[in-house]
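Pasting in a structure now, in structure tokens, and then I'll have a few things to ask.
Residues take their numbers from the sequence shown, with the count starting at 1.
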Amino acid sequence: MSSLSQLKKELKKLSNPKQAEILQRFFKTGKGEYGEGDIFLGIKVPVQRKVAAKFQNLSLKDIEKLLESKIHEHRMIALFILIKKHEKADECEKKTILNFYLKNIKNINNWDLVDLSAPKIVGDYLMKKLKEGDPAHNYVLGRLLCKLAKSNNLWKKRVAIISTWTFIKNNEFSETLKISKILIADKHDLIHKAVGWMLREIGKRDQKTEEKFLKKYYLKMPRTMLRYAIERFDENKRKFYLKK
């Protein structure tokens, strides 16, 4: 039996129908909802991490097969394994993994999958290139995030903004602000929440930078995005921004 078959067999044994039913509702898998067609086995994330650790030597070919699965836990574990490979990879391998991730982005198609993986693969790779200080490289990589942000695909747009969390943690805010500006008029609630969240993360480190952006754009922001962005402000400041 192949490693991939063993992994799937192990996950089937760990499945929990009652938990799966709860997750199906939580992740909006009904007709017309953002997670339409997603199937859950009902396995908790810490258990998935343990399974992923056992199969961390899975090939990219097998990881791709997992990512093509309709079962959410298959895709989640594929990403856990891919992140571990990225952490251990040399420079050439990291680029291969980034390209693999972008090629398969259509299957990284729920908010938890994006939030788990985008900062640790896309964000990490871009941040390292930024630190190397090659202007040509940085221009190309910056265009990558812009291209994702301007896509019509919900998950590509979320990858664009959530990838910048790695930049924020390194006190580099310009990419987040650039992508936030692109997404400011987006119609989807999951993008409103993601942009607001990243702006809030900037504010934790540098409130002046966040407020400079807000004062320019808060009147154009969807209410949810704004509420997320100002969540940590004092009451008077929250009232000021919400008074529109």
Exercise. Can you get from W197 to L242 by hopping between Ile, Leu, Val, Met, Phe, Trp and Tyr side chains that sit under 4.5 Å apart?
Worked result: yes

Seminar exercise, completed: In this structure, CZ of R49 is separated from CD1 of I77 (nearest 0.5 Å) by 11.0 Å

For this session: Might you point out which heavy atoms bring G42 and L23 nearest each other, and give the distance in Å?
Result: CA-CD1, 3.9 Å

Exercise. About how many Å separate CG of L154 and OH of Y34, when rounded to the nearest 0.5 Å?
Worked result: 9.5 Å

Exercise. Does some side-chain heavy atom of K150 sit less than 4.5 Å from a side-chain heavy atom of I182?
Worked result: yes

Problem set entry | Intermediate values then yes/no, side-chain contact (heavy atoms from CB on, under 4.5 Å), L41 and L14 | CA-CA 8 Å; L41 297 175; L14 291 166; over 6 Å; no

Exercise. Any idea which heavy atoms bring L98 and Y125 closest together, and the distance?
Worked result: CD2-CD2, 3.5 Å

For this session: For salt bridge (Lys or Arg N to Asp or Glu O under 4.0 Å), just list the numbers for K13 and E10, CA-CA rounded to whole Å, side-chain angles, deciding distance to a tenth of an Å, and then say yes or no.
Result: CA-CA 5 Å; K13 285 180 183 177; E10 186 162 338; over 6 Å; no

For this session: Indicate yes or no for a side-chain donor-acceptor contact from R205 to the backbone of E201 under 3.5 Å, with no hydrogens or angles considered.
Result: yes

Problem set entry | Any Y217 side-chain heavy atom under 4.5 Å of M225 side chain | no

For this session: List the atom of I83, the atom of S117, and the distance in Å for their closest heavy-atom pair.
Result: CD1-CA, 4.0 Å

For this session: Report the relative orientation of the aromatic rings in Y218 and Y241; use parallel for angles under 30°, tilted for 30 to 60°, perpendicular for over 60°.
Result: perpendicular

For this session: Just do the side-chain contact (heavy atoms from CB on, under 4.5 Å) check on L183 and K157 with the steps written out, would you?
Result: CA-CA 8 Å; L183 294 173; K157 289 186 282 190; 3.8 Å; yes

Problem set entry | Minimum side-chain heavy-atom gap L145-V122 below 4.5 Å | yes

Problem set entry | W111 with V45, same ILVMFWY side-chain cluster at under 4.5 Å | yes

For this session: Report the C-alpha separation of K54 and Q6 in whole Å, then their side-chain angles, then the decisive distance to 0.1 Å, and conclude whether the side chain to side chain donor-acceptor pair (under 3.5 Å) test is met.
Result: CA-CA 11 Å; K54 287 174 63 177; Q6 288 175 323; over 6 Å; no

Problem set entry | Residue pairs fulfilling side chain to side chain donor-acceptor pair (under 3.5 Å) with at least one residue in residues 224-236, sequence neighbours excluded | E235-K239

Exercise. Charged N to carboxylate O below 4.0 Å: is that the case for E91 and K95?
Worked result: no

Exercise. Tell me, do L226 and L214 make a side-chain contact under 4.5 Å, heavy atoms counted?
Worked result: yes

For this session: Look up atom CG in L113 and atom CZ in R158, then write down how far apart they are to the nearest 0.5 Å.
Result: 10.5 Å

For this session: Spell out, as yes or no, whether a donor-acceptor pair under 3.5 Å connects the side chain of Q24 to the backbone of F40.
Result: yes

For this session: Check whether any side-chain heavy atom of M127 sits under 4.5 Å from a side-chain heavy atom of K169, and report yes or no.
Result: no

Exercise. Is the shortest side-chain N to carboxylate O distance from E64 to K61 below 4.0 Å?
Worked result: no

For this session: Run the salt-bridge test on E21 and K18 with the 4.0 Å N-O cut-off and return the result as yes or no.
Result: no

Exercise. Shortest non-hydrogen contact from L190 to H188?
Worked result: N-ND1, 3.0 Å

Problem set entry | Side-chain heavy-atom pair L66, K8 within 4.5 angstrom cut-off | yes

Exercise. Minimum heavy-atom separation for F55 to I81, with atom names?
Worked result: O-CD1, 3.4 Å

Exercise. Who passes salt bridge (charged side-chain N to carboxylate O under 4.0 Å, His left out) against K212, sequence neighbours left out?
Worked result: none

For this session: Answer with yes or no whether the hydrophobic clustering places I39 together with F26; edges join I, L, V, M, F, W, Y residues whose side-chain heavy atoms lie under 4.5 Å apart.
Result: yes

Problem set entry | Check against side-chain contact (heavy atoms from CB on, under 4.5 Å), L148 and I179 | CA-CA 9 Å; L148 291 172; I179 300 305; over 6 Å; no

For this session: Give, for atom CG of N99 and atom CG of N104, the distance between the pair rounded to the nearest 0.5 Å.
Result: 11.0 Å

Exercise. Do E172 and T164 pass the side-chain contact (heavy atoms from CB on, under 4.5 Å) test, and can you show the C-alpha distance, the side-chain angles, and the key distance before you say yes or no?
Worked result: CA-CA 9 Å; E172 293 283 350; T164 70; over 6 Å; no

Exercise. Sub-3.5 Å donor-acceptor pair from the side chain of T96 to the main-chain atoms of C92, do we have one?
Worked result: yes

Exercise. Which pair of non-hydrogen atoms, one from S180 and one from V195, has the smallest distance, and what is that distance?
Worked result: OG-CG1, 3.6 Å

Seminar exercise, completed: Between the CG atom in L67 and the CZ atom in F100, the distance rounded to the nearest 0.5 Å is 5.5 Å

Exercise. How would you list all residue pairs meeting side chain to side chain donor-acceptor pair (under 3.5 Å) that involve residues 70-86, not counting sequence neighbours?
Worked result: D38-H72, D38-R75, S69-H74, H72-D112, R75-N109, K84-E87, H86-D124

Exercise. To the nearest 0.5 Å, what is the distance between CG (L58) and CD1 (I63)?
Worked result: 5.5 Å

For this session: Indicate yes or no: at least one non-hydrogen side-chain atom of L199 is less than 4.5 angstrom from one of L177.
Result: yes

